[in-house]
Structures are given as structure tokens and as C-alpha cells.
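In this text, all values refer to a predicted model and were calculated from it rather than measured experimentally.
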Number of protein chains: 2
Amino acid sequence: MANVTIKEVAEYAGVSQATVSRVLNHHAYISDDVRQRVQQAMDALGYQPNRSARRLRAHSSDIMGLIIPDIQNHLFQTLVRGVEDAAYARQLNVVLCNTDDNPDKQTAYLRVMQAERAAGVVVIPTRSNDGPVLAPVREAGIPIVLVDREVVNFEADIVKADNVRGACEATTHLIRLGYQRIAIIAGTQSLTPGRERLRGCYEAFDEMGIRVDSALVKVGNFRLESGYELTRECMSMAEPPDAIFVANNLMSLGALRALHELGIRIPEQVALVGFDDMPWAGDLNPPLTTVSQPGYELGQQAVRLLLQRAESPDLPYNKVILQPRLVVRRSCGAYLSVNHRD
Amino acid sequence: MANVTIKEVAEYAGVSQATVSRVLNHHAYISDDVRQRVQQAMDALGYQPNRSARRLRAHSSDIMGLIIPDIQNHLFQTLVRGVEDAAYARQLNVVLCNTDDNPDKQTAYLRVMQAERAAGVVVIPTRSNDGPVLAPVREAGIPIVLVDREVVNFEADIVKADNVRGACEATTHLIRLGYQRIAIIAGTQSLTPGRERLRGCYEAFDEMGIRVDSALVKVGNFRLESGYELTRECMSMAEPPDAIFVANNLMSLGALRALHELGIRIPEQVALVGFDDMPWAGDLNPPLTTVSQPGYELGQQAVRLLLQRAESPDLPYNKVILQPRLVVRRSCGAYLSVNHRD
DNA sequence: GGACGATGTGAAATCGATTTCAGTACTTTA
DNA sequence: TAAAGTACTGAAATCGATTTCACATCGTCC
């Protein structure tokens with residue numbers, strides 16, 4: 001009924017609180033007789049140790065924070081799964097925080113994590129200059145692992161995909177297929193993924209000895225509307241592109257929508273390559289060629305780094321870079337059959 | 001640096017701990033002089049009150065649990081947003097727990113919430129007989145609000161969509177369009193949404209005076225693979241259906257995939273109506289007609305009920321039923337133009 | 001001018017767990 | 001047989017906040 005405390009268990013079992021605590025924590029040096037009596041008492045009373053009290057004493061917590069910008073983004077969903085599974089396996093409970101890419105919300109959540117004395121925090125930071133917000137949390141003894149985005153003047157463990165390589169491969173793919181006017185819809189340039197992906201494109205152009213038409217390079221903000229707008233802009237040019245590379249999944253959806261509305265056939269009139277795969281990318285119209293990031297593995301690695309850091313705080317920082325993979329579908333490069341989907 | 005406690009703040013400011021606590025909690029009867037000194041001390045030391053200690057005293061928490069079956073399901077994603085926004089506005093922090101529809105995980109998370117003395121828990125239960133797992137949590141004084149799925153022998157506040165009506169509308173829509181052999185791919189029948197949606201279909205058939213061909217009613221489990229398999233089953237029948245109603249979003253994607261693989265044209269050869277909308281439903285091939293549930297509002301209402309319950313535990317239980325909406329797109333009913341997307 | 005209320009502050013108890021320290025009983029070892 | 005472990009248990013301190021109670025000061029009212 002009400003909440004049972006260790007004191008009541010102790011009385012019920014006829015032992016001291018210390019003994020109950022020892023049974024609870026699987027101490028050595030407890031007689032079988034007492035252990036059983038205490039166990040029975042706990043069962044009978046439905047005892048649940050109060051975690052606040054526990055944490056207060058232990059100065060540590062079995063909670064870890066996961067701060068992401070947008071739960072509607074499929075990449076982050078898979079990431080969450082990866083983090084969750086890895087954490088669950090290690091008895092850590094994940095508190096998921098959604099910042100909406102709002103620095104204030106991020107600050108609020110970081111504050112919560114610090115006050116909570118979390119075991120650690122995995123963060124996809126909202127801005128590349130979030131260092132001053134992150135540093136005090138780390139100084140308070142809470143390990144921080146960054147994912148996906150780097151922060152200036154804040155060295156830390158980080159897990160990310162090889163954005164340069166991914167974008168480079170995608171662009172090379174387009175060039176090899178013979179597309180002449182390739183538009184780039186890049187993402188937020190104040191964030192490393194945005195910059196790196198754009199750099200990857202340039203590298204591809206360089207390697208293949210192609211001059212870039214800067215009029216065809218548009219910079220968006222990773223949101224759906226942005227992809228939509230910029231695609232319309234591209235297609236209304238005097239000399240529209242014959243292919244578009246879009247730097248993330250949400251903007252790809254925006255691009256797709258714009259092209260549909262304009263009645264433009266993909267890939268016949270314009271080919272499309274996106275970044276970040278989605279399980280239903282093959283069911284879009286047309287099935288979308290994308291660079292697939294290993295979101296689940298990003299999450300798992302993040303937890304691994306977090307625990308490693310918690311164990312030995314003074315090791316040099318790690319940078320784990322996972323490789324993306326180009327998945328070719330109908331929107332660019334796969335002409336197998338009209339209704340084929342992968 | 002290290003973690004600052006109230007004691008250190010008190011010393012720094014030259015006052016007692018009690019006074020610092022009063023400043024912290026905006027007590028009346030604090031002189032401006034002292035208030036300022038304490039504020040400065042807190043700022044100077046970077047003080048963050050320890051939440052465990054706070055909670056231990058207060059017997060209450062500013063954490064609420066949100067237990068969902070699958071974060072990859074778009075309905076639950078919007079729900080999460082709804083809950084989060086409503087909670088954020090009321091200074092509650094949401095701990096998101098993903099059960100994978102695994103009752104053991106659910107039990108584990110409920111235990112955590114109880115031990116945490118959470119302010120409340122919003123649950124989409126894994127099974128309709130989860131009563132015995134939920135009851136003790138509520139008895140421990142933690143308000144519980146169910147969403148989407150009901151539980152037998154466990155009356156509680158609940159928010160859900162009008163599944164019967166939604167399915168009925170969808171089916172009626174199909175019948176009105178003149179489809180003769182309508183297949184139903186229903187969801188898990190041990191869960192109320194699965195049962196109610198199927199019932200809605202039957203009601204539509206009844207109202208329109210149509211006899212149901214039971215060979216065309218298949219029961220799946222709400223997962224993508226299930227929709228895929230059952231659709232293949234349907235289409236390999238001697239007399240295949242000319243329309244399919246699928247009872248949730250993931251199974252719809254499975255159905256779509258199966259039809260694509262079989263090279264079947266939608267809606268020319270078979271029309272398709274799904275349940276649960278997705279932002280990119282209009283970008284699928286073809287744009288998908290679906291019954292849209294108000295996920296965001298479900299989440300908001302859930303938090304509202306939770307707080308109401310916390311405030312007055314003895315009020316009779318509420319049942320909030322929100323209305324879904326049929327969104328007609330190309331996969332069934334909208335023939336406007338080849339590339340139109342909404 | 002004494003009583004009363006409003007204002008402002010501190011010492012100490014409290015929340016529910018863990019942990020240290022000390023003590024008892026029982027073995028083992030020299 | 002005394003000394004030294006080993007096994008087991010309890011009293012009390014502790015973690016960092018909040019809250020009660022007591023007390024001091026000041027103004028006001030009759």
C-alpha cells in the first residue's frame with residue numbers, strides 16, 4: 001500500500017537495517033537463515049528500495065541521459081534503439097531528452113542530468129559552440145559522449161559517421177552515371193555534418209576533375225521545409241539541374257515533395273540521392289537512393305565510450321568513425337523494373 | 001569543479017543551510033540583503049541542488065514515465081512529442097521507456113518508476129492482461145494513465161482514438177467506391193485497438209448490407225512482416241481482393257512492399273487503405289489513403305489526465321476518446337493527377 | 001509601556017538508504 | 001591455551017536537501 005522502507009522490513013524480519021541493506025546488496029558474511037528471513041520480509045511487504053535515498057548515499061546513479069535534437073528523425077530513432085539496448089544490457093536506465101534543436105531546452109536538460117548526478121550523458125549537441133554549456137557538466141564529474149556533431153573548443157569522446165566519405169561516394173555515383181548539372185542541397189553549415197558532407201561533394205568533383213557550378217550549391221537547414229524550398233528554387237532556374245544530392249533525410253523528403261508537386265519525373269528528369277536511410281525509403285515514389293548511416297551502431301558505440309570514460313576518466317579522448325554505405329534504388333542508378341523496390 | 005552542496009553555499013554566504021534552502025524555494029520572509037548574498041554565492045560556486053536529496057525529503061518527484069511499445073512507430077513518436085511538450089510546460093521531466101512490446105521490459109521499467117517515486121506514468125501496455133503488473137504501481141501511489149490500449153480488470157484513466165469509427169469510415173469509403181472483394185488485414189486481437197478496428201469494419205459491412213467473406217479477413221500482429229505476409233497470402237488466392245484495409249501503419253508498409261514486389265498496380269488492381277498517418281504517407285508510391293489518429297493530442301490529454309489524477313486521486317476514472325480522420329490519397333479514392341501527393 | 005503580530009534567521013530533526021566501526025561468537029593456528 | 005583470524009550482526013554516522021521549532025528583532029496598537 002504505502003511505500004515500505006528498509007526500517008519496516010528490518011522490524012518485520014527482526015534484524016537491523018544494516019543487515020537488510022547487506023542482503024539487498026548481496027554482501028558476503030550473511031547467514032542463510034537471516035538472508036531468507038529478510039527475503040521473505042521483503043516479498044511479504046512488497047519492498048522497493050527508494051532510489052533517491054540510494055543515490056544520495058552512493059553519489060552515483062544508474063541513469064544516463066540521451067539528448068537528441070529530434071525524435072522524428074529516423075536516424076536518431078535508430079540511434080536511440082542502439083543506446084537503449086546497450087544501456088539495458090548494462091543495467092543503465094536511459095532518460096531520453098528531445099531538444100527540438102533548441103539550445104535552451106538542451107541547457108535545461110543538461111542541468112537536470114547534472115542535478116541528477118547521471119552516470120553519463122550522450123549528446124547530439126544543438127550547436128557547434130555548445131562547449132561552455134557542456135564543460136561545466138563534465139567538470140561536475142559526468143562523462144559526456146558526443147554523437148554525430150563536433151563542438152569547437154570542447155574535446156570529448158565522439159562517435160560519428162564518415163560524412164565526407166559518404167557524400168563523396170554519393171556524388172561520385174552521380175558523376176559516374178553521367179549527370180552533368182548536379183545540384184547540392186547542403187545542410188546547416190554551422191554543424192560539422194553539414195560542412196563535412198558538403199566537403200565530400202567537393203572532393204568528388206575534384207577527384208573527377210569537374211568544375212563546380214556554385215549556383216547549384218544551396219545551403220539549407222536539415223529540415224523538411226528547407227529541402228522543399230531549395231528544390232523548387234533549383235528547378236525554377238533557367239538551366240535546372242539533372243540531378244540533386246540532398247544532405248539529409250528530412251530535406252530529401254522535402255525535395256521529393258517539391259518534385260512531385262512540380263510534376264517532375266524522377267529519375268528521368270532529375271535524379272535524386274539522399275543522406276540517411278529510412279526503412280521505408282524503398283517504398284517511396286520512386287524508391288530513394290541514399291547514403292545509409294549505421295545509426296544503431298553509433299548508439300552502441302556511444303554507450304561503450306561512455307562506460308569506458310566513466311571507468312577511466314583520464315584516458316585520451318576517442319574518436320570513433322563508422323562507415324556509411326550507399327544504397328542504390330530507383331531515384332538514381334537502379335533501373336531494373338518499374339515496381340522494384342530495393 | 002566537484003559537486004557543490006548547500007552547506008558550502010551557506011558557508012560562502014555566511015548564512016545557515018536553512019536560509020539557503022529558503023532562497024532556493026522562494027520563501028517569503030527573506031531579507032533582500034541575504035537573498036542577494038545567497039544568490040551570488042550560488043552563482044559563484046555553480047551550485048546545483050542535488051535532486052536525490054530533494055526528492056528524498058519531498059517524497060515526490062518531477063519525473064514522469066512514458067512507457068511505449070515501439071519508438072519506430074510514427075504514432076508513438078507524435079505521442080511522445082505531445083506528452084513531452086505538455087510535461088515540459090508543467091516542469092515535468094519525461095523518462096521515455098521503450099518496451100519492444102516485451103512484458104518483461106515493461107515490468108522492469110514500471111519497477112524503476114515505482115522505485116523512483118515518479119509523479120506518474122503514462123503507459124501503452126504490452127498486453128491486455130497487464131493489470132497485475134500495473135495495480136501495485138498504482139497502489140504505491142503513482143498515478144497511471146493508459147493510452148491507446150485498454151487492460152482487463154484494471155480500470156484507469158485512458159485516452160484513445162475512436163478505433164471503431166475510424167475503421168468503419170475507412171471501410172465505408174471502400175464500399176462506396178464500389179469495391180466488391182474487400183480484404184481486411186486486422187491487428188493483434190488480444191489488444192483492444194486490434195479488436196475495435198476489426199469491429200469497425202464489420203459494422204460498416206453491416207450498415208451497407210454486405211456479407212463478409214471470412215476468407216478475406218486475415219489477422220496479423222501489427223508488425224511490418226505480418227502485413228507483408230498476409231498481403232501475399234491475399235493476392236495468391238484464387239479470387240484475390242480488389243481492395244485491402246490494413247489495420248495499422250507498419251502493416252500498411254508491409255502490404256505496400258508485398259504489392260510492389262508482386263508488380264501489382266495500386267489502386268488499379270487493388271486499392272489500399274491504412275490506419276495511422278505518417279508525414280511521408282503522401283510521398284509513398286502511391287500516396288497512401290489512411291485513417292489519421294491525433295497522436296499529439298493523445299499525448300497532451302494523457303498528461304492532463306495524469307496531473308488531474310495526481311491532484312485528486314479519488315475522482316472517477318476518465319475515458320477520453322478522440323476522433324480519427326480519413327485522409328484520402330491516391331492509393332484509394334483520389335485520382336486527381338499522376339503525381340499529386342495529397 | 002506592555003502585548004501582540006509580522007518579519008527574519010539558525011539549530012536540529014528528518015527523509016531512506018549505505019557504510020564504518022565495534023563487538024560477539026566461533027575456529028584455527030602456534 | 002592464548003593469540004589470531006573468520007563469520008556475522010547492530011548502533012550510529014552519513015549523504016544533501018527541507019522543515020519544524022525556537023528565538024530575536026521590530027513596529028504597532030490600545
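Defined by atom type and a distance below 3.5 Å, a donor-acceptor pair is missing between the side-chain atoms of Tyr88(B) and Asn93(B).
Note: CD (Gln36(B)) to C1' (dG8(C)) measures 16 Å, nearest angstrom. Between the CG atom of Asp62(B) and the C1' atom of dT18(D) there is a distance of 15 Å, given to the nearest Å. Between Leu45(B) atom CG and dA17(D) atom P there is a gap of 12 Å when expressed in whole angstrom units. Per the geometry, NE2 belonging to His26(A) stands 16 Å off P belonging to dA17(C), to the nearest Å. Residue Arg51(A) contributes atom CZ, which lies 16 Å from atom C1' of dT18(C) at whole-angstrom precision. dA17(D) atom P lies 8 Å from atom CG of Leu24(B), rounded to whole Å.
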I need a per-nucleotide contact map over nucleotides 11-16 of chain C, read 5' to 3'. Cutoff is protein heavy atoms under 4.0 Å; write B for the base, S for backbone only, - otherwise.
B-BBBB
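For the helix from dG1(C)-dC30(D) to dA30(C)-dT1(D), the end axes, each set by the C1' atoms of five terminal pairs, are bent relative to each other by 50° (nearest 10°).
Remark: Arg37(A) is not positioned above the aromatic ring of Tyr12(A), lacking an NZ or CZ atom under 6.0 angstrom from the ring centre and at most 45 degrees off the axis. Under a cutoff of 6.0 Å and an axis angle of 45°, Arg138(A) and Phe154(A) form a cation-pi pair.
Asp157(A) places no side-chain N or O within donor-acceptor distance of the main-chain N or O of Val145(A), the cut-off being under 3.5 Å. Put simply, the side chain of Asn102(B) gets close to the backbone of Asp104(B): a donor and an acceptor are under 3.5 Å apart. Remark: the backbone N or O of Thr5(A) is paired with a side-chain donor or acceptor of Glu8(A) at under 3.5 angstrom. Side chain of Ser312(B) to main chain of Arg309(B): no donor-acceptor pair is present (N/O by atom type, distance under 3.5 Å, no hydrogens or angles). The closest donor-acceptor contact from the side chain of Gln106(A) to the backbone of Thr126(A) lies under 3.5 Å.
Note on Val34(B): only backbone sugar-phosphate atoms sit closer than 4.0 angstrom, heavy atoms only; bases stay farther off. Residue contacts for Ser31(B): at a heavy-atom cut-off of 4.0 Å it reaches the sugar-phosphate backbone alone, with no base atom in range.
Contact check, Tyr29(B) against dG8(C): no side-chain N or O comes under 4.0 Å of OP1 or OP2.
A residue-by-residue look at Asp33(B) and Ala58(A) shows that Asp33(B) has its nearest nucleotide of DNA chain C further toward the 5' end.
Atom CZ of Arg223(A) sits in a sparse spot, with 12 or fewer heavy atoms from other residues, nucleotides or ligands closer than 6.0 Å.
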